[in-house]
Structures are given as C-alpha cells and as structure tokens.
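Sequence lines set the chain letters: A, B, ... in the order given, protein chains first and strands last, and positions in each chain run from 1.
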Amino acid sequence: MPELPEVEATRRHLAPVLTGAVVTAVDVRRERMLRRQPRPADFSDRLAGRRVESLDRHGKFLMARLEGDVTWVTHLGMSGRLRLCAPTASEEAHTNVVVALDRGREVRFVDPRTFGFVAAFLPDELAAGSMARLGPDALTGLPAPAGLAGRLAGRTAAIKPMLLDQGFLAGLGNIYADEVLFRAGIAPTRPAGGLSPAEIASLHAAIGPVLADGLAHGGTSLGDLAYLLPDGRAGEHLEHLAVYGREGEPCRRCGTPVRRAVLRARSTFWCERCQR
DNA sequence: ACCTCCCTGGCC
DNA sequence: GGCCAGGGAGGT
C-alpha cells in the first residue's frame, strides 16, 4: 500500500511530465475525494489553467506547486494510485478524479476504497491543515539519533505505534514500520521511552536503508495490486520484505517462524528471536 | 492516549 | 453472506 517509498516512486515517475505542464481540465467523478476541501468547487477552479512548477512530497503527501500559490495535494490513502495516461487510454474502474494536462496527458486518481483525497489549497489553508502538523520526513529529514532520543524520551506508548504517528515521523506506514523494527532488532511492543541509546542508534540506522530498498524496487505492491506505479507496473518489493505478511514463514535471518499479532488494530509481524 | 469511523474488493 | 485490510480524522 502507499507509504513513503510508494509515494516517492510515484512522484519520481510523474515529476518530469507534471513539471511545466498546464492543467487544461479537471473532472471529479467522486465528490468524496474532495472531502478535505472546504469548498469542493475550489479544486477545479484553482487548478484549471495553471502551470505546475514542481512536484514535492512530505511523508505520504504529494504536493504539486502551481502558479498563484496553489498547492495541489494528493494523499493515496490505502488503495489509491496515480496513473499517467493518454486521454484515449481505456479507463479502469474507480477512476475518481482526472486532471488533464496540455501535452496530451492525463493524471488519473484511481482509488477503490476512497480513503485517499485530493485538494487545492492556498497558503493559509495549507498552514492550518493537518499537513502542517507532520513530523520530519523519514527519508529526507530524519533527525539524528540524539534528536530521535529526545522525542522518544518519556513516551510510554509502544515503539511501533510511535513510528506510525505521522506527527512524530512522516512517511512510515504499517509495512515499513515492521520492516524498520526488524532491521533494528527491536520488538514492536517495546515502550518507546525505554529504548537504550544503542537501540535508538539501530533504529535510526535502519530507517534510511529500509525506505531506500523499498524505493529501489518501485515500492510494495501487495497481492491485491491496489498500489501500482503510474505506468501500470507493479512495485517489486514484496518478495524482499523481511517480516511483513510472512506469518509462520522462517525468519530470513534465523529461521524462526515469523509471528503476527494485532497491535492497535494493525497487523504486526516480527521475529521474536531477532527482535528484543 | 485511546477508540471509532470511513469504504470496497477479495477472500473464506 | 460476512469479515478483513488500514491512514487519518475526529471524538472521548
């Protein structure tokens, strides 16, 4: 599902086409996709006719900066993906929003479960919204170990839910949080404030490589293929996952069967021998 | 810091 | 035919 590596892979595919392109038309087929936009009509009105200046990302949020201080925000939720198509290309089910560009291309937001959203925000709306409360980006702004330690100190919550808290660190989701904890050798239920400096150093050292690996493989497409790259290809990171989705299968490091439990309503996979 | 809700394809 | 997956917002 779309977490930081999937969103970044999407961004890298779209950026060369979107940058400098002009939005010629906007078609919203599911109004629910605009539920974060105070006045839904603003989405089309603010995008149409404007040129895209850049395509950025913070955590799992994609942000296209347009002329006139408009930011086109896209969040893929858990089943969303962006497709880059010719306007004549056949349309797949659950194409909920279509943004047509000059140059004869379209960006299509496909999202069966509709947990994703799009919006066109002005600077004050951006500053007042949830995006302003995101923590540092896990890939590009990861705090040094001492910084992580300071932000974990005194926290009684388990470390895994802390890693999923976008206000603590932006970009990790359920898959990569489990992968990070495996690589760091830390059990997901450990109280966040109880980690030793050495463990925090391991955690810090694990985050970059885990995300970079996922990104290098084009992200993780699960069996349902909810996430795909903008050209329709599947990400190939699934077969490289160390623990996520591997309940009962041997740990790749020690052979002990991978365990699964539900932690705060999220499936959690870990090796009880490698992770303490 | 916790719980509930949203939504739908796919699976049992 | 019913249940599960789950990111983020909102509420308690």
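With distances taken from any side-chain atom of A:Tyr244 to the nucleotides C:dG8, C:dG6, C:dG7, the minimum falls on C:dG6. For A:Lys60, whose side chain is taken as the heavy atoms from C-beta onward, the closest listed nucleotide among B:dG9, C:dG8, C:dA5 is C:dG8. For A:Arg32, counting side-chain heavy atoms from C-beta on, the closest listed nucleotide (B:dC6, C:dG7, B:dC2) is B:dC6.
No hydrogens or angles considered: a donor-acceptor pair under 3.5 Å links the side chains of A:Glu6 and A:Tyr176.
Look at A:Ser79 and you won't find any side-chain N or O under 4.0 angstrom from OP1 or OP2 of B:dG9. Remark: A:Arg266 is in phosphate contact with C:dG7, judged by side-chain N or O atoms under 4.0 Å from OP1 or OP2. Taking only side-chain nitrogens and oxygens, A:Gln166 comes nearer than 4.0 Å to OP1 or OP2 of C:dG8. In this model, the phosphate group of B:dC6 is not approached by any side-chain N or O of A:Arg30 to a distance below 4.0 Å at OP1 or OP2. Dashed line: the shortest gap from a side-chain N or O of A:His75 to OP1 or OP2 of C:dG8 is under 4.0 Å. The side chain of A:His94 contributes an N or O atom lying less than 4.0 Å from OP1 or OP2 of B:dG9. Applying the 4.0 Å criterion to OP1 and OP2 of C:dA9, one finds that A:Ser130 has a side-chain N or O inside that range.
Classification of the A:His217-A:His237 ring pair by plane angle, with boundaries at 30° and 60°, yields parallel.
Sorted by first and then second residue, the side chain to side chain donor-acceptor pair (under 3.5 Å) pairs with a member in residues 151-161 of chain A read A:Lys160-A:Asn174, A:Lys160-A:Asp178, A:Lys160-A:Thr268; sequence neighbours excluded. Judged as a ring-ring contact (aromatic ring centres under 6.0 Å, His included), the pairs with a partner in residues 92-126 of chain A (not counting sequence neighbours) are, in order, A:His75-A:Phe117. Identified under the ring-ring contact (aromatic ring centres under 6.0 Å, His included) test for residues 122-152 of chain A, with sequence neighbours left out: none.
Under 3.5 Å, the side chain of A:Arg264 and the base of C:dG6 form no donor-acceptor pair of N or O atoms.
The stretch residues 154-164 of chain A comes close to DNA chain B through A:Arg155, each having a heavy atom under 4.0 Å from the strand. Contact check of residues 110-126 of chain A against DNA chain B (heavy atom, cut-off under 4.0 Å) returns A:Pro112, A:Arg113, A:Thr114, A:Phe115.
Taking the charged nitrogens against the carboxylate oxygens, A:Arg81 and A:Asp111 have no contact shorter than 4.0 Å, which rules out a salt bridge. Comment: A:Arg108 does not engage A:Glu92 in a salt bridge, judged by the lack of any side-chain N to carboxylate O separation of less than 4.0 angstrom.
With rounding to the nearest 0.5 angstrom, the CD atom of A:Glu53 is 10.5 Å from the CG atom of A:Asp56.
With sequence neighbours left out, A:Arg266 forms a side chain to side chain donor-acceptor pair (under 3.5 Å) with no residue at all.
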